[in-house]
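Worksheet: one structure, shown below.
Side-chain atoms are counted along with the backbone in the values below, which use heavy atoms only and exclude waters and symmetry mates. Every number for a ligand or one of its atoms is a count from 1 in the order of the listing. All of these numbers come straight from a predicted model, not from anything done at the bench.
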Amino acid sequence: MQTSLAEFIRNTPEGREAEAILRKCVHCGFCTATCPTYQVLGDDLDSPRGRIYLMKRALEGAPVTDKTRLHLDRCLTCRACETTCPSGVSYGRLVDIGRGVVESKTRRGPLERARRRLMAWGLPRTRLFGFFFHLGQWMRPLLPATLKTKLLKTRSSGAWPAPRHARKMLVLAGCVQPALAPSINAAAARVLDRAGISLIEADGAGCCGGIRFHLNYQEEGRDDMRALIDAWWPAVASGQVEAIVMTASGCGVTVKEYGHLLAQDPAYRDKAARISAMTRDLCEIITPEMIGPSRDRGTLAFQSPCTLQHGQQLRGRVEALLAKAGYTLAPVNDAHLCCGSAGTYSLLQPQISAELRGRKLGALQAGRPDIIATANIGCLTHLQGGTATPVRHWIELLDVHPK
Ligand code: SF4
Ligand code: SF4
């Protein structure tokens with residue numbers, strides 16, 4: 001695609017990156033077939049091709065309106081289009097750049113600004129989120145039905161093994177996961193402990209920065225990334241840990257991109273690159289040999305989060321581990337499509353999100369599974385809000401020893 005970027009961005013790192021990405025797009029439209037928002041809304045401007053066109057125009061200096069921003073807001077950043085694109089267009093990076101430009105040239109209404117600001121302020125604060133989550137649990141009987149569905153029922157996390165092995169790995173606690181499902185990291189720690197690896201959480205390691213970055217407070221998101229690097233750095237620099245493990249694929253995809261997202265920061269770029277290189281999703285650490293003996297454990301449907309299958313291009317690994325443990329995997333139609341969770345998307349675009357969840361649950365439950373498994377806390381919470389079938393992180397299903 002021919003491009004002629006406007007003066008304000010042409011000679012910047014972001015401008016050069018955006019131009020290289022835009023030039024790869026041949027406008028063939030193959031990506032529209034796998035775009036969830038295009039499937040729901042049927043408008044080309046709500047497809048990857050349409051959004052690429054809108055971003056190209058914005059970067060070339062054409063007037064930007066609230067409607068331009070709306071079409072970009074409706075994008076889930078699921079990156080199914082990247083998996084489909086035969087030309088290798090890095091849509092995810094382009095939409096980060098495009099959203100930043102469009103945000104700076106438009107102004108949201110006061111209510112929307114306040115809502116987004118509140119989310120950006122509150123969600124990454126682990127303790128504050130935990131306080132309100134537990135308050136919500138206590139007030140559950142009084143809450144309206146819509147809010148109740150968003151409030152996971154708490155489960156005991158069980159014991160976290162003491163760090164007794166020479167092999168050690170860091171694990172990200174994250175911002176909302178410690179309150180919503182502390183059982184996930186504890187289960188990962190137990191499974192790895194039995195395999196001879198101690199999992200440790202570093203003090204002060206909270207949000208990966210993804211929430212604020214994707215709400216378009218990109219610099220504040222980078223501040224969260226720097227804070228997380230600082231929290232991890234003593235363990236990394238001393239060689240105490242061999243890897244950084246992610247139990248939420250949404251955080252994993254962000255941390256794996258630190259090297260790129262902080263490349264223009266001379267104080268952090270080398271550290272960020274090292275952190276990204278050491279980061280692994282949990283399914284890259286757990287091997288079939290670490291799983292206990294196989295036995296019939298019933299039927300399961302696996303929802304592969306977009307951040308795992310498209311963002312990290314990790315497909316089939318969790319399914320293989322679950323099958324090895326003895327689960328029968330129910331087939332899931334359109335498994336490449338987003339469930340509608342997408343970070344804060346379910347709060348900001350509730351209609352599209354609910355439609356996608358309904359479609360996803362229909363596909364997941366078609367094989368009448370006993371349980372649904374996923375790999376990301378956001379998807380887990382979102383899906384559980386729409387079904388009585390238990391939804392669990394896959395590692396909890398492999399943690400079958402007595403707690
Ligand atoms: S992003 Fe890829 S698939 Fe989509 S229109 Fe461009 S080249 Fe075609
Ligand atoms: S990231 Fe997902 S929602 Fe956004 S354009 Fe690509 S396929 Fe569509």
Side-chain angles (χ1 to χ4, degrees), residues 1-3 17-60 67-103 210 213-216 249-250 253-254 256-257 303-315 334-360 363 376 378-379 382:
M1 192 191 286
Q2 286 297 313
T3 52
E17 186 181 6
E19 188 159 43
I21 297 170
L22 283 168
R23 286 192 171 163
K24 280 190 171 178
C25 177
V26 295
H27 235 56
C28 62
F30 286 171
C31 50
T32 57
T34 55
C35 174
T37 56
Y38 181 70
Q39 290 195 0
V40 171
L41 301 166
D43 181 342
D44 199 54
L45 294 179
D46 286 309
S47 77
R49 181 173 60 181
R51 291 186 178 116
I52 288 170
Y53 173 76
L54 290 174
M55 289 187 275
K56 174 180 183 291
R57 300 272 300 139
L59 295 167
E60 287 179 339
K67 197 165 173 297
T68 316
R69 196 185 60 228
L70 175 68
H71 291 298
L72 296 190
D73 280 352
R74 283 180 182 159
C75 171
L76 296 139
T77 329
C78 69
R79 296 169 62 179
C81 46
E82 277 188 27
T83 300
T84 310
C85 177
S87 305
V89 171
S90 301
Y91 174 90
R93 273 304 298 145
L94 182 65
V95 81
D96 285 345
I97 297 166
R99 278 179 170 150
V101 168
V102 169
E103 195 77 43
F213 190 85
H214 291 296
L215 277 166
N216 237 341
S249 58
V253 75
T254 302
K256 283 184 176 182
E257 287 174 2
Q303 182 260 353
S304 182
C306 304
T307 43
L308 189 71
Q309 62 167 316
H310 304 306
Q312 298 184 60
Q313 293 289 313
L314 293 171
R315 285 186 282 276
D334 290 332
H336 59 282
L337 290 179
C338 180
C339 69
S341 170
T344 53
Y345 191 93
S346 61
L347 303 170
L348 294 167
Q349 302 288 338
Q351 285 88 8
I352 304 170
S353 170
E355 173 64 30
L356 290 170
R357 181 174 70 180
R359 294 182 186 195
K360 178 59 76 180
N376 189 48
C379 309
H382 182 61

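Checked by atom type, the side-chain pair Thr32/Ser47 shows no donor-acceptor distance below 3.5 Å. Using modelled atom types, one finds a donor on one side chain and an acceptor on the other under 3.5 Å when comparing Thr34 with Thr84. Side-chain atoms of Lys256 and Gln312 form a donor-acceptor pair, as typed in the model, at a separation below 3.5 Å. Of the N and O atoms on the side chains of Gln309 and Thr83, not one donor lies less than 3.5 Å from an acceptor on the other residue. A donor-acceptor contact closer than 3.5 angstrom links the side chains of Thr3 and Arg23.
One finds the CD1 atom of Ile21 at 13.0 Å from the OG atom of Ser87 (value rounded to the nearest 0.5 Å).
Salt bridge status for Asp44 with Arg49: present, with a side-chain N to carboxylate O gap under 4.0 Å. Under a 4.0 Å N-O distance rule, the pair Glu103/Arg69 does not qualify as a salt bridge.
Those atoms of ligand 1 with a heavy atom of Ile52 less than 4.0 angstrom away are 1 (S). Close approach of ligand 1 to Pro86 (heavy-atom distance below 4.0 Å) involves ligand atoms 3 (S). When each atom of ligand 1 is checked for a heavy atom of Cys85 under 4.0 Å away, the hits are 1 (S), 2 (Fe), 3 (S), 7 (S). Close contacts between ligand 1 and His27 involve ligand atoms 5 (S), 6 (Fe) [criterion: under 4.0 Å to a heavy atom]. Using a 4.0 Å cut-off to heavy atoms of Gly29, the atoms of ligand 1 that qualify are 5 (S), 8 (Fe).
With Thr37 contributing its side chain and Asp46 its backbone, the two residues share a donor-acceptor pair below 3.5 Å.
The closest protein non-hydrogen atom to atom 6 (Fe) of ligand 1 is Cys25 SG, 2.4 Å. Residue, atom and distance of the protein heavy atom nearest to atom 7 (S) of ligand 1 are Val26 N, 3.3 Å. If you check which protein heavy atom lies closest to atom 8 (Fe) of ligand 1, you get Cys28 SG, 2.3 Å.
Excluding waters, the count of protein N/O/S atoms less than 2.8 Å from atom 6 (Fe) of ligand 2 comes to 1.
Partners of Arg99 under the side chain to side chain donor-acceptor pair (under 3.5 Å) rule, at least two apart in sequence or in another chain, are Thr77.
At a heavy-atom cutoff of 4.0 Å, ligand 1 is contacted by the side chain of Ser87 but not by its backbone.
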